[in-house]
Amino acid sequence: MEKYLSQLNDAQLEPTIQVNGPMIIIAGAGSGKTRVLTYRIAYLLSKGIDAFNILALTFTNKAAKEMKGRIADIVGDEAKNLWMGTFHSVFAKILRFEGHHLGYPSNFTIYDTQDSQKLMGAIIREMGLDKDIYKTKQVYSRISSYKNSLVTVKAYFKNPELMEADAMARRPRMGEIYKEYVDRCFKAGAMDFDDLLLRTNELLTRFPNVLAQYQDKFRYILVDEYQDTNHSQYLIVRALADRFQNICVVGDDAQSIYAFRGANINNILNFQKDYDDVKMFRLEQNYRSTKNIVGAANSVIEHNKTKIDKIVWTANVEGEKVIVHRAMTDADEGRYVASTIWETKMNNQLDNSDFAVLYRTNAQSRAIEDALRKRDLPYRIYGGLSFYQRKEIKDVTAYLRLILNSADEEALKRIINYPARGIGQTTLDRLVVAANATGKTIYDVIKEIDSISININNGTKNKLRDFITLIESYKVMNKTANAFDLAEHVSKTSGLVKELGKDGTPEGVTKMDNVQELLNGIKDFVEGQIELADAGDSLAEFLEDVALATDLDGDKGDPNHVALMSIHMAKGLEFGHVFIVGMEEDLFPSAMSMNTRSELEEERRLFYVALTRAEQQAYLTYTLSRYRWGKLIDAEPSRFIEEIDDEFVNIVTPLKERHNPMLDASIFDDVEPNKVRFKKPKTAKLQKKEAMKKPEKFIISTPKKLKRVKHAKVSDDSNAVDSKLTVGNTVNHQRFGRGQVIKLEGTGADAKAEIKFQNGDTKNLLLRFAKLEILRTKHD
DNA sequence: TGCACCGATGTTTTT
DNA sequence: CATCGGTGCA
């Protein structure tokens with residue numbers, strides 16, 4: 001038997017050497033799942049399975065890279081042939097090869113969130129809609145959730161319930177926006193993040209031969225963090241695994257924290273139903289944390305009802321209790337964190353990198369940063385506005401994008417007048433109108449400006465011609481030069497650098513530095529590619545990396561720093577000492593996530609994730625008042641603090657009495673009481689705001705105990721499907737009023753309820769989107 | 001068309 | 001507080 005296998009305990013060994021068939025590994029926090037995945041792949045290779053036939057989908061590119069490195073340590077060169085990466089990056093690659101079936105160019109652009117939202121904003125404006133009703137962000141998230149549920153434009157217009165839901169939310173023209181958005185993306189040769197998954201599904205569904213080809217290729221499939229896959233990802237995995245059924249998924253339902261972007265915890269809860277003879281493994285021994293931390297985390301997650309029962313335990317030392325600290329303000333909280341790090345470091349001879357500060361929202365980093373700076377503690381912020389999303393960087397990459405794909409509408413709009421060349425909004429509007437009318441791209445309209453009738457004066461036409469000439473000259477250069485030389489040439493000759501140089505402010509200098517850093521990055525990339533000797537189109541590949549890069553991916557600079565990041569970003573990481581700051585009601589749990597039980601449970605899982613990052617010591621801090629929107633706001637300690645069993649916590653400063661002790665988890669039993677009772681009186685403005693909320697949110701309750709996976713109800717969206725709803729329930733609907741459930745049918749996305757309303761109407765409502773509140777159950 | 005200034009508005013979380 | 005979009009003037 002291979003030597004590395006001796007490093008595994010029995011529970012880990014079993015799934016590692018299970019080669020064939022469907023299997024699920026429920027892996028508690030810190031139980032060594034990465035090790036199992038790594039060794040399992042190494043084991044597959046040692047059994048003669050070709051690396052070309054293995055697909056491993058991870059949650060971050062960094063995780064993929066690290067795992068690949070570890071596998072290479074064991075098996076050597078063969079590892080480089082493995083397909084490993086995030087869903088988005090792996091399928092982006094496949095779509096480069098196969099996108100032509102769907103009418104996409106191989107050099108399609110990937111629109112990031114910013115690009116997508118700008119385009120939607122433009123469409124809303126072009127359609128003359130009220131931007132206060134059609135809020136770009138809400139429209140974006142709505143369309144994103146359609147796409148992640150495989151509701152295409154065609155499917156949308158075939159679905160009266162959906163259209164009605166949007167109409168109810170005062171957005172009857174959602175569908176038109178959706179259609180226009182999809183058309184415009186297609187015309188621009190662009191895919192947004194959701195398209196990378198949706199179009200993959202389209203590809204695999206519409207082209208059976210393509211599906212067969214990839215089924216045959218990916219004979220062994222592994223999916224990490226399966227609890228955070230969305231419906232679209234789920235279908236891709238199912239399709240690919242269908243032929244050989246060698247599918248291994250790993251995850252922990254207690255760590256599902258991405259419902260807001262469509263992740264569906266039921267994918268993992270129901271895995272055993274999806275395949276025959278699923279082998280299930282559990283990893284319950286935690287190797288990471290002390291007994292106190294594991295105990296604290298367990299006692300917190302115990303408050304959730306929707307979960308797979310498992311016992312995470314540890315043989316590690318008892319360690320210190322979780323420390324709870326009260327601070328006056330956020331600045332004070334920062335000082336506490338900084339001074340504690342300082343002292344602990346001194347007393348225990350620790351590195352800066354032994355510490356992490358985790359928060360619920362990125363905006364909280366500022367106060368911590370200030371305090372760390374004052375103590376001269378080096379730190380690094382992960383996430384937030386990533387490097388590639390900064391304006392000056394996006395400006396440069398927009399040029400590169402346009403060179404590669406001149407149909408790219410968002411790139412063109414971004415730079416057609418930056419640096420200023422006298423092409424204003426009016427001109428641009430006219431170009432867009434002409435482009436929409438003729439079906440041509442904006443770039444082509446400008447190119448053919450002389451042969452079409454358009455209300456643009458000659459001076460401006462000349463400027464437009466100059467712009468095209470400039471881009472065309474870059475295109476010529478791109479045929480021979482490498483990405484670095486091109487990017488450097490572009491930033492110099494386009495006037496971008498000159499523009500930044502004019503700005504002598506410290507911010508301007510930083511921007512200049514950033515552009516330089518980008519160029520260095522491109523240089524590294526190009527040189528790396530030369531070494532790899534698979535000289536593809538370096539520019540295209542660089543841009544793809546940029547579009548899908550996360551802040552975790554590039555580890556540059558001095559590694560000995562305190563890490564600052566959101567809890568989401570910390571998933572999968574571990575640190576000796578972890579500070580979880582801002583443990584306050586309305587912040588954590590977030591005020592936006594306390595409306596439904598499932599939302600609150602997700603917040604609690606998030607807290608569980610945060611706690612289990614710590615190896616030695618966890619600190620929780622909260623403030624009595626905090627700056628929010630530039631104003632000092634009163635704060636109260638988070639309910640989550642009280643949810644930890646007393647034996648695991650050390651409350652250094654007496655807990656501030658919570659203002660409203662009625663907000664207790666026990667109130668969520670059975671029917672949720674009218675939540676309005678506990679809230680401050682609403683202003684008219686707030687009420688208006690409420691009315692515009694996403695329609696899919698509604699009050700739900702869940703079964704008392706969900707003991708076994710097998711009994712878990714099949715449902716498609718944990719956030720929206722009410723598994724408690726039964727025939728006979730009395731429910732309240734926002735618009736139709738009170739009614740009784742007559743019939744339930746369908747599961748998951750299709751779950752419907754026939755409801756007879758008091759006004760006599762009987763309606764068939766899609767549970768996913770209907771805003772239902774249970775007033776009375778049958779047995780009351 | 002471009003720039004300077006103003007007020008409104010908003011913050012979860014990310015590929 | 002910071003960003004964005006709108007307005008008004010050169």
Side-chain angles (χ1 to χ4, degrees), chain A residues 57-64 85-92 110-114 116-118 121 125 131-132 135-138 140-141 144 147-148 191-197 225 228-230 232-233 256-263 330 358-367 382-386 388-389 391 417-428 456-457 459-460 463 507 544-553 565-571 582 586-594 599 602-603 605-607 609-610 626-633 685 689:
Chain A
L57 296 164
T58 57
F59 200 71
T60 62
N61 289 312
K62 187 189 175 205
T86 61
F87 273 91
H88 289 87
S89 61
V90 165
F91 296 111
I110 298 173
Y111 276 177
D112 65 14
T113 308
Q114 222 179 86
S116 302
Q117 288 189 355
K118 279 200 168 167
R125 195 171 67 96
K131 65 175 170 39
D132 292 328
K135 298 218 185 216
T136 316
K137 274 189 184 162
Q138 289 181 7
Y140 172 79
S141 79
S144 172
K147 288 186 169 185
N148 284 323
M191 296 202 201
D192 64 17
F193 287 137
D194 304 317
D195 281 331
L196 294 176
L197 307 174
E225 308 281 10
D228 280 322
T229 50
N230 63 34
S232 197
Q233 293 168 323
S256 166
I257 54 174
Y258 279 98
F260 73 89
R261 71 171 204 218
D330 42 2
L358 309 182
Y359 33 77
R360 180 64 178 76
T361 67
N362 286 306
Q364 288 167 257
S365 71
R366 173 151 302 189
Y382 294 83
L385 234 209
S386 98
Y388 295 113
Q389 286 168 21
K391 183 186 177 304
N417 198 33
Y418 185 82
R421 31 176 91 84
I423 303 169
Q425 191 61 52
T426 322
T427 305
L428 190 55
I456 290 176
N457 67 43
T460 310
K463 289 170 185 165
E507 296 86 53
E544 180 172 317
D545 271 22
V546 163
L548 300 173
T550 66
D551 216 14
L552 238 38
D553 296 338
M565 65 186 88
S566 70
I567 301 169
H568 284 89
M569 197 113 239
K571 192 168 82 155
D586 286 357
L587 183 58
F588 193 22
S590 157
M592 333 285 292
S593 304
M594 295 200 290
E599 281 178 339
E602 174 145 320
E603 294 285 303
R605 288 193 294 270
L606 195 54
F607 182 45
V609 168
R626 162 179 308 274
Y627 275 97
R628 265 179 127 175
W629 306 299
K631 274 217 158 99
L632 205 58
I633 307 274
K685 207 172 164 190
K689 232 170 155 180

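Every chain is numbered from 1, with letters handed out A, B, ... down the list of sequences.
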Value in whole Å for how far the [atom2] atom of [N] lies from [atom1] of [X]:
X	N	atom1	atom2	answer
A:Asp132	B:dT9	CG	P	7 Å
A:Trp629	C:dT3	CH2	P	17 Å
A:Ile257	B:dT13	CD1	P	13 Å
A:Met592	B:dT13	CE	C1'	11 Å
A:Asn362	B:dT13	CG	C1'	8 Å
A:Lys631	B:dA8	NZ	P	13 Å
A:Arg626	C:dC1	CZ	P	16 Å
A:Gln117	B:dT14	CD	C1'	12 Å

Base, sugar-phosphate or nothing for [X]? Non-hydrogen atoms, less than 4.0 Å.
X	answer
A:Phe87	nothing
A:Thr460	nothing
A:Thr113	base
A:Lys137	sugar-phosphate
A:Ser566	sugar-phosphate
A:Asp112	nothing
A:Asp194	nothing

**Asked** Planes under 30° and centres closer than 5.5 Å, is that true for A:Phe260 with the base of B:dT13?
**Response**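 Yes; by the centre-distance and plane-angle rule, A:Phe260 counts as stacking on B:dT13.
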**Message:** Taking the nucleotide of DNA chain B with the nearest heavy atom to each, does A:Thr427 or A:Leu587 sit closer to the 5' end?
**Reply:**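 That would be A:Thr427.
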**Request:** Look at atom OH of A:Tyr627 and say whether more than 12 heavy atoms of other residues, nucleotides or ligands are closer to it than 6.0 Å.
**Result:**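 Open: at most 12 neighbouring heavy atoms sit under 6.0 Å from OH of A:Tyr627.
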**Message:** Tell me whether A:Arg366 at atom CZ has more than 12 heavy atoms from other residues, nucleotides or ligands lying less than 6.0 Å away.
**Reply:**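 Count not over threshold, so no.
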Among [options], the one nearest [X] by side-chain distance:
X	options	value
A:Asn417	B:dT15, C:dG5, B:dG2	B:dG2
A:Thr86	B:dT11, B:dT15, B:dG2	B:dT15
A:Arg366	C:dA2, B:dT15, B:dT9	C:dA2
A:Thr361	B:dT14, B:dT1, B:dT11	B:dT11
A:Thr426	B:dG2, B:dT1, B:dT9	B:dT1
A:Ala363	B:dT11, B:dT15, C:dG5	B:dT11

**Asked** Is A:Lys135 near enough to B:dG10 that one of its side-chain N or O atoms lies under 4.0 angstrom from OP1 or OP2?
**Response**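 A:Lys135 to B:dG10 OP1/OP2: side-chain N or O found under 4.0 Å.
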**Asked** For A:Ser593 and B:dT13, is the shortest distance between a side-chain N/O and OP1 or OP2 below 4.0 Å?
**Response**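 Checking A:Ser593 against B:dT13: no side-chain N or O falls below 4.0 Å of OP1 or OP2.
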**Message:** Treating A:Asn417 as the side-chain partner and A:Ile423 as the backbone partner, does any N or O pair qualify as donor plus acceptor under 3.5 Å?
**Reply:**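 Yes; at least one donor-acceptor contact below 3.5 Å.
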**Message:** Using modelled atom types and a 3.5 Å cut-off, is there a donor and acceptor pairing between side-chain atoms of A:Glu544 and backbone atoms of A:Ala92?
**Reply:**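 Looks like no, no N/O pair under 3.5 Å.
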**Gap in Å between the two C1' atoms, one belonging to B:dT11 and one to C:dG6, rounded** =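 Their C1' atoms lie roughly 23 Å apart.
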**Request:** Decide yes or no for A:His568 and A:Ile257: does some side-chain heavy atom of the first lie under 4.5 Å from some side-chain heavy atom of the second?
**Result:**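 They are in side-chain contact.
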**Asked** Any idea how A:Tyr258 and A:Phe59 line up, ring-wise: parallel (<30°), tilted (30 to 60°), or perpendicular (>60°)?
**Response**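 Rings of A:Tyr258 and A:Phe59: tilted, as their planes differ by 30° to 60°.
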